[in-house]
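Shown next, in structure tokens, is the structure this report addresses.
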Amino acid sequence: MPKCKNCGNSYSFGSSAAPPAVPTANGPLSGIIGQFDQQSQMVSMNSWGVSKNMRRQAAANPQQFFDTCTKCGGQMIDWSDGRE
């Protein structure tokens with residue numbers, strides 16, 4: 001499952017490739033945010049001002065797209081499953 005190395009969040013992540021639709025202090029940090037389950041499967045995706053093509057790409061390649069923690073803003077996301 002994805003996990004932020006800074007704060008431990010393993011649920012909600014944004015993409016640095018999608019800037020916020022409206023940059024405000026209290027708004028979302030990304031124009032696209034995905035929520036994930038314990039098996040690293042996307043359970044939902046919210047987007048604001050993002051093209052249909054970008055949404056498709058994010059859904060098809062979440063490990064490449066979702067690189068920003070929505071909880072702390074960190075970009076140290078570990079997508080490994082914890083098995084070595």
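Heads up: numbering here begins at 1 and tracks the sequence.
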Common cluster, Ile33/Met42, ILVMFWY with side-chain heavy-atom separation under 4.5 Å: no
Throw together a table of side-chain donor-acceptor distances under 3.5 angstrom for residues 44-53, partners on residues two or more places apart or in other chains.
residue, atom, partner, partner atom, Å
Ser44, OG, Gln35, OE1, 2.4
Ser51, OG, Met54, N, 3.1

Those residues that, when tested against Phe66, pass ring-ring contact (aromatic ring centres under 6.0 Å, His included) (two or more places apart): Phe36
Can you list the residues that meet the ring-ring contact (aromatic ring centres under 6.0 Å, His included) rule with Tyr11, with sequence neighbours excluded? none
Pair up each side-chain donor or acceptor in residues 56-65 with any protein partner under 3.5 Å, not counting sequence neighbours, and list the distances.
none

For Asn6 against Cys72, the heavy-atom pair lying closest together: CB-SG, 3.8 Å
Of the non-hydrogen atoms in Ser30 and Ile32, which two are nearest, and what is the gap between them? OG-O, 2.9 Å
Which atom names give the shortest non-hydrogen contact between Phe13 and Cys69, and what distance separates them? CD2-CA, 3.8 Å
Can you list every side chain to side chain donor-acceptor pair (under 3.5 Å) pair that touches residues 12-22, not counting sequence neighbours? Ser12-Thr70, Ser16-Asp67
Can you sort out the partners of Thr68 under side chain to side chain donor-acceptor pair (under 3.5 Å), two or more places apart, ordered by chain and number? Gln75
Going from NZ on Lys5 to CD1 on Ile77, what distance comes out if it is rounded to the nearest 0.5 angstrom? 9.5 Å
